[in-house]
Amino acid sequence: LRNVESIITNLVKGNPDLHNRIVTALNFELSVKAMTGKLGYMKTMWKWLTSHEWELIEEQMNINQPETTMLYGTKLR
């Protein structure tokens, strides 16, 4: 547990935005794994942090967001 605490402290030191990004990505991955029944295959927190897994998850989050494009003659809601 101390290793994880020191890793997260070193990663987000002076950067609260990165902390929020990591927490958001972790919540997203937890919900996806829980919905698909693959929560047992999740990496340990230490491995997840040291391999910068949140960067990959952020890419998945951006892919899953629907793009809002305005087609001619339609209104955005």
Interatomic distance, [X] atom [atom1] to [Y] atom [atom2] [nearest 0.5 angstrom]:
X: I57; Y: N62; atom1: CD1; atom2: CG; result: 11.5 Å
X: T50; Y: N3; atom1: OG1; atom2: CG; result: 10.0 Å
X: F28; Y: Q60; atom1: CZ; atom2: CD; result: 6.0 Å
X: H19; Y: I8; atom1: NE2; atom2: CD1; result: 5.5 Å

Worksheet entry | Neighbour count >12 (heavy atoms, 6.0 Å) for atom NZ, K33 |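 More than 12 heavy atoms, drawn from other residues, nucleotides or ligands, come within 6.0 Å of this atom.
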Discussion item. Using every non-hydrogen atom in the two residues, find where S51 and K43 come nearest and quote the distance to one decimal.
Written reply: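 In terms of heavy atoms, the two residues are closest at OG-NZ, 3.9 Å.
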Practice prompt. For residues M45 and L26, report the shortest heavy-atom separation together with the two atoms involved.
Written response: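 Reported closest heavy-atom pair: CE-CD2, 3.7 Å.
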If two hydrophobic side chains count as joined below 4.5 Å and joins carry through other members, does [X] share a cluster with [Y]?
X: V23; Y: V32; answer: no
X: I22; Y: L56; answer: no
X: V12; Y: W46; answer: yes

Item to complete: Would you indicate whether the side-chain heavy atoms of W54 and L11 approach each other to under 4.5 Å?
Response: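 Answer yes - side chains close enough.
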Worksheet item: Any side-chain heavy atom of L30 sitting closer than 4.5 Å to one from M42?
Response: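 Yes - at least one pair of side-chain heavy atoms lies under 4.5 Å apart.
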Worksheet entry | Check: E29/W48 side-chain N/O donor and acceptor closer than 3.5 Å |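 Per modelled atom types, E29 and W48 side chains form a pair under 3.5 Å.
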